[in-house]
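The block underneath contains the structure these notes are about, expressed in structure tokens.
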Amino acid sequence: MKQLEGADAVPASLSGLILLTDVRFRPYGIGDGDRLRRMSGRLSRKSLYTRFFAGTPRIPDTYAAQLAALDHWDREAMVALLDGEMIGLAHYVRDRARPCRADLAVLVADPWQRHGLGRRLVAYLAALAQRRGITGFDADVILENREAMLAIRQTWPAARPRTRDGAAHYDLPLPLPAA
């Protein structure tokens, strides 16, 4: 399995000087279930709530089961690993009714949020999705998750959300706009 290299620096406040070059990016694999469960310990209640739209003390078993059943075509995930531990994950599921579209979700461990890790995961995932005929992502973000909405606005400056039922829905075209 090919591991992709990072390139940007992460502030020294994260346990010494750690660079994104220290982070390995690769598709989610069969042995990643335990890493995913351990990542729960690096997620705050807020992070879990804003990702899963519900109060949950850890990553739900149903989500872990969905990732274990990835087919790496219609359902794919990229992970970020540091010292063999998962610190982030981006995941898509192709829309059966509109096969050129896929739902996108991102989860980054709290110490790594707001340092470019989610953007890097989405960029790698988007490249895979495009090669598989996906021309755009759909993303639903709970309105309290201002950080995610800012990240979307920074990555897709032209994207405008539609809000309903306490969430912002984004239509995100691929390829990613040039940074």
Fill in the blank from the handout: The reported gap from CD in Gln66 to CG in Asp61 (rounded to nearest 0.5 angstrom) is 11.5 Å
Exercise for the section: Compare all side-chain heavy atoms of Leu125 with those of Leu104 and state whether any distance is below 4.5 angstrom. Expected result: yes
Problem - Nearest non-hydrogen partners of Asp110 and Ser47, listed with the distance - result: OD1-OG, 2.9 Å
Practice task
Please answer: with hydrophobic residues joined when any side-chain heavy atoms are less than 4.5 Å apart, are Val106 and Val93 in the same cluster?
Solution key: no
Problem - Heavy-atom pair with the smallest gap, counting every atom of Gly88 and Leu121 - result: C-CD1, 3.6 Å
Exercise for the section: Decide yes or no on ring-ring contact (aromatic ring centres under 6.0 Å, His included) for Tyr63 and His91, but give the supporting numbers first. Expected result: CA-CA 11 Å; Tyr63 183 67; His91 174 220; 5.6 Å; yes
Handout entry: Short N-O contact, Arg35 and Glu85, less than 4.0 angstrom
Key = no
Exercise for the section: Would you please name every residue forming a side-chain contact (heavy atoms from CB on, under 4.5 Å) with Arg131, sequence neighbours left out? Expected result: Ala127, Leu128
Practice task
Determine yes or no for a side-chain-to-main-chain donor-acceptor pair under 3.5 angstrom, with Ser40 supplying the side chain and Ile59 the backbone.
Solution key: yes
Fill in the blank from the handout: Heavy-atom nearest pair, Arg37 first then Ala64, reads NH1-CB, 3.9 Å
Practice task
Given side chain to side chain contact (heavy atoms under 4.5 Å, CB included), test Met39 with Leu107 step by step and report yes or no.
Solution key: CA-CA 10 Å; Met39 190 171 114; Leu107 184 61; 3.7 Å; yes
Practice task
Compare all side-chain heavy atoms of Leu67 with those of Leu89 and state whether any distance is below 4.5 angstrom.
Solution key: yes
Output a table of donor-acceptor pairs, distance under 3.5 Å, between side-chain atoms of residues 147-157 and any protein atom two or more places apart or on a different chain; print 'none' if there are none.
| residue | atom | partner | partner atom | Å |
| --- | --- | --- | --- | --- |
| Thr155 | OG1 | Arg119 | NH1 | 2.9 |
| Thr155 | OG1 | Ala151 | O | 2.9 |
| Trp156 | NE1 | Pro173 | O | 2.8 |

Exercise for the section: Looking only at non-hydrogen atoms, find the nearest pair between Trp73 and Tyr92 and report the distance. Expected result: O-OH, 2.7 Å
Handout entry: Test item: Asp138 and His169 side chains (from C-beta on) under 4.5 Å apart, heavy atoms
Key = yes
Problem - Heavy-atom side-chain proximity of Tyr28 to Met86 below 4.5 angstrom - result: yes
Problem - salt_bridge(Arg26, Asp32) N-O dist < 4.0 Å - result: yes
Completion exercise
To the nearest 0.5 Å, atom CG of Leu43 lies from atom CD1 of Ile87 at 11.5 Å
Handout entry: Shortest non-hydrogen contact between Ala126 and Leu174, atoms and distance
Key = CB-CD2, 3.6 Å
Exercise for the section: Determine which pairs satisfy side-chain hydrogen bond (donor to acceptor under 3.5 Å, both in side chains) with at least one residue from residues 74-83, sequence neighbours left out, and list them in order. Expected result: His72-Glu76, Asp74-Arg94, Glu76-Arg132
Fill in the blank from the handout: Note: Leu172 and Ala159 closest approach over all heavy atoms is CD2-CB, 3.8 Å
Handout entry: Partner of Val23 under side-chain contact (heavy atoms from CB on, under 4.5 Å), chosen from Leu81, Val79, Leu117
Key = Leu117
Handout entry: Electrostatic pair Asp171-Arg160, nearest N-O below 4.0 angstrom
Key = no
Exercise for the section: State plainly whether one hydrophobic cluster holds both Met78 and Leu176, where clusters connect Ile, Leu, Val, Met, Phe, Trp and Tyr through side-chain heavy atoms under 4.5 angstrom apart. Expected result: yes
